[in-house]
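To keep things clear, I will list the structure first and then write my remarks on it.
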There are 4 protein chains.
Amino acid sequence: MATFVNERSFIMKTNQKEHIMETALQLFASKGYGQTSIALIAREAGVAQGLMYNYFDSKEALLLAIMEQGFAGVQESMAVYAGTHSPKKALELHVEATFAQVTANKNFWKLFHAIKMQEQVQQFLDAEYAHAKSFIIKTLSGNFKKLGYDKPTDEAKLFFVMIDGLVIHHLMDAKTFPLHTIKKTIFQRYHI
Amino acid sequence: MATFVNERSFIMKTNQKEHIMETALQLFASKGYGQTSIALIAREAGVAQGLMYNYFDSKEALLLAIMEQGFAGVQESMAVYAGTHSPKKALELHVEATFAQVTANKNFWKLFHAIKMQEQVQQFLDAEYAHAKSFIIKTLSGNFKKLGYDKPTDEAKLFFVMIDGLVIHHLMDAKTFPLHTIKKTIFQRYHI
Amino acid sequence: MATFVNERSFIMKTNQKEHIMETALQLFASKGYGQTSIALIAREAGVAQGLMYNYFDSKEALLLAIMEQGFAGVQESMAVYAGTHSPKKALELHVEATFAQVTANKNFWKLFHAIKMQEQVQQFLDAEYAHAKSFIIKTLSGNFKKLGYDKPTDEAKLFFVMIDGLVIHHLMDAKTFPLHTIKKTIFQRYHI
Amino acid sequence: MATFVNERSFIMKTNQKEHIMETALQLFASKGYGQTSIALIAREAGVAQGLMYNYFDSKEALLLAIMEQGFAGVQESMAVYAGTHSPKKALELHVEATFAQVTANKNFWKLFHAIKMQEQVQQFLDAEYAHAKSFIIKTLSGNFKKLGYDKPTDEAKLFFVMIDGLVIHHLMDAKTFPLHTIKKTIFQRYHI
DNA sequence: GATGAATGAGACTTCATTCAT
DNA sequence: CATGAATGAAGTCTCATTCAT
């Protein structure tokens, strides 16, 4: 009996925190971090303003928690195709995984791309992001080398910014930039 | 005499307005629009806070003026290669002109890319930006068609997001993403 | 059996109430009443926040309870030398008892002296404090009269504020104002 | 003409800042620092809340400014009797100057004594206060030595806490502890 | 045009207190 | 009795904007 109560209250707590994070993510993504007030998040989430501070030390800590959760998703997703593959298969999986990530997590990626250019925020993103970025480029570079490309690192960078650019424009205007249609053109270009 | 005085004050005014816009652009680009206060802009520009409102109705109007000035630069730059060219030359000129624009106007493009994902701002950007975007893609598409590409519109979109992605990453990390080195890889890929 | 359980729970309760009061006193004394939150007291005492309100109606009631407990100590201590003594012995005992009180109860006296000048708090202190103060002065005055002092009431007031001043400075800086060293000078001055 | 305007606006500015400080001092002294909100100060001073922050960086900075102004008064006052005097005259002047200070500046001294026991505030008081305290005790000690007292430093400390204790009680209850009546008893005691 | 003091709405945050469990 | 999640009022502070000079 007591166990049941504890479980339920644990679930409630978790849900409440999750609920706040989801509401905040949605608002941050659509209005921007700076334009989203704590008051609005609380109102939309249907909780009192003060409750936010039971779960997060500050508005910035809330943002950080959201970002970390999002990055955790990326790492999971990257782990999927980390195994040894043929270089072509690896390129294919990178694209597929990236698109799947973005599709499943649109709000997170909108927020991420909106925020990443602001110097002040880069500090706490850099630890996680710069590392992921250089890891991806190194991996891509290895694959392009195996495929006999002339300057594999430059090819990798170009591939990376192409995927990233496509994702960014897809997030802003999904109709004009549909991932799965343009993906075919990418695969043709790289003979995947 | 009076004419001279008027001219001088006109010049002063123009210079001061320009000076404020440049100061604001630099601060917006480095700290973000929301994190830059009118007080800071005035202090950095060496003018009184109230003076801003002689030139701009509001902080948002100041941003709008900066954006419009930036877009005017783009149109000028696009006009350069608007003439009839061979499709390859046209692609080359597009890349060159874009990179030249970005290099000459780093702060504007940093600000633009930082701001473009926020729904609220998109409204007044859309009029100018969406139009430019679709114009560029249409032009690129025409060139890819002339070059015999299979799906010229998708090729154009891919080309566009690739250039854009490269520019974005260059603005964030110029050392890892040098425009002129990676440009060569682009030209090779498209046989330019 | 039931009696035993009741006794135990009664003891627990008493101890817990005492424990909360002691924790609160220590925090009030070191951080100040206003700077000490209920949350902190509960955390330091190792109990739930809500539990406080089973024992005390409010934060102010907790303070009041602490103050009353402290004053009870004073009255006990004063009872010790309330008997008939020679006037010199009475003065001596007053000093000794005061210093013993302060030494045994540093936190309470720190809190008391930090709080006593705030008008708002004086209201509920006044009932207890003003009475004690005037009682002490009256008693001292009687002793100085017996000793043949010219203006015994003024002497009593001076004696009182001297002891009080010494205690206050001792509480703030015990090294510079050691009670037992300066006590000797007092005794010499009054030929005790 | 322009000079006149400048002068007047300078005076206005100065007055406004002074006016806020005086209002704040009065409220801090009567309600306590923690119990006095910025909103109340602004309301009492008849200005907007935001204006406070044109003159003071924070509520604490406002307190600091008030304290510094108060201490400046003390130093001025101490300079008056800093010259060479007979030791008796020096003691007399110390008492007179202290009482004059307190009488002229009741609110400041109420605030000071209410605040001085709070650990957190002591940090920025210590620089100014601890120095003044030890200077006064050293000076008094010199005088008591000249007068042939046995343990001049302990005498000085006792004298100091006696004056301080009297001031504190006078500030709380001026009727029971009138400075000028009790002063006579002090002077008799020390044969001044 | 130019100044900068003044405004006031609104942001983030804290915290005593309540209440369902 | 005990918990601690939840509340909501109130506090400090920021900042775009106005206006008298």
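The model shown is predicted, which means the values in this text are computed figures rather than measured ones. Just so it is clear: chains get the letters A, B, ... in the order the sequence lines come, proteins before strands, and each one is counted from 1.
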Q. Relative to C:Tyr33, does C:Lys59 satisfy both conditions: NZ or CZ under 6.0 angstrom from the six-membered ring centre, and within 45 degrees of the ring's axis?
A.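 C:Lys59 over C:Tyr33 ring: yes.
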
Q. Hey, does D:Ile38 reach any base, or is it just sugar-phosphate, or nothing, if we go heavy atoms under 4.0 Å?
A.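 Since only primed, P, OP1 and OP2 atoms lie under 4.0 Å of D:Ile38, the category is sugar-phosphate.
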
Q) Partner of E:dA11 by Watson-Crick or G-U wobble geometry, both contacts under 3.5 Å, or none? A) F:dT12

**Q.** Pairing nucleotide - E:dA20, Watson-Crick or G-U, each distance under 3.5 Å
**A.** F:dT3

What's the closest nucleotide to the [X] side chain, out of [options]?
X       : options               : answer
C:Gln49 : F:dC13, E:dT3, E:dA16 : E:dA16
C:Asn54 : F:dA16, F:dA2, F:dA6  : F:dA2
B:Tyr55 : F:dT17, E:dG1, E:dT3  : E:dG1
A:Ser37 : E:dA6, F:dT12, E:dA11 : E:dA11

Using whole Å, what does the distance between atom [atom2] of nucleotide [N] and atom [atom1] of [X] come to?
X       : N      : atom1 : atom2 : result
C:Leu40 : E:dT17 : CG    : P     : 16 Å
A:Tyr33 : E:dC12 : OH    : C1'   : 10 Å
B:Phe56 : E:dA2  : CZ    : P     : 12 Å
D:Met52 : E:dA5  : CE    : C1'   : 14 Å
A:Lys17 : F:dG4  : NZ    : P     : 16 Å
A:Asp57 : E:dT13 : CG    : P     : 9 Å
C:Ile41 : E:dT14 : CD1   : C1'   : 15 Å
D:Leu51 : F:dC13 : CG    : C1'   : 14 Å

(Q) Using heavy-atom distances to pick each residue's nearest nucleotide on DNA chain E, tell me which of B:Ala48 and A:Gly34 is more 5'. (A)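 Nearest-nucleotide comparison on DNA chain E picks B:Ala48.
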
Q) Taking for each residue the nucleotide of DNA chain F bearing the nearest heavy atom, is the 5' side occupied by D:Tyr53 or by C:Gly46? A)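 Nearest nucleotide further toward 5': that of C:Gly46.
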
Q.
Go nucleotide by nucleotide along DNA chain F from the 5' end; which of A:Gly50 and C:Val47 gets its closest nucleotide reached first?
A.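 Closer to the 5' end of DNA chain F: C:Val47.
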
Is any side-chain heavy atom of [Y] closer than 4.5 Å to one of [X]?
X       : Y       : answer
D:Leu40 : D:Lys31 : yes
B:Phe56 : B:Leu63 : no
B:Tyr55 : B:Gln16 : yes

(Q) Below the 4.0 Å mark, does E:dA6 have OP1 or OP2 next to a side-chain nitrogen or oxygen of D:Gln16? (A)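 Checking D:Gln16 against E:dA6: at least one side-chain N or O falls below 4.0 Å of OP1 or OP2.
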
Q) Is any side-chain N or O of B:Gln35 closer than 4.0 Å to OP1 or OP2 of F:dT14? A)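 The answer is no; no side-chain N or O of B:Gln35 sits under 4.0 Å from OP1 or OP2.
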
Q: Describe, in one word, how the ring planes of A:Trp109 and A:Phe112 are oriented to each other, choosing from parallel (under 30°), tilted (30 to 60°) and perpendicular (over 60°).
A: perpendicular

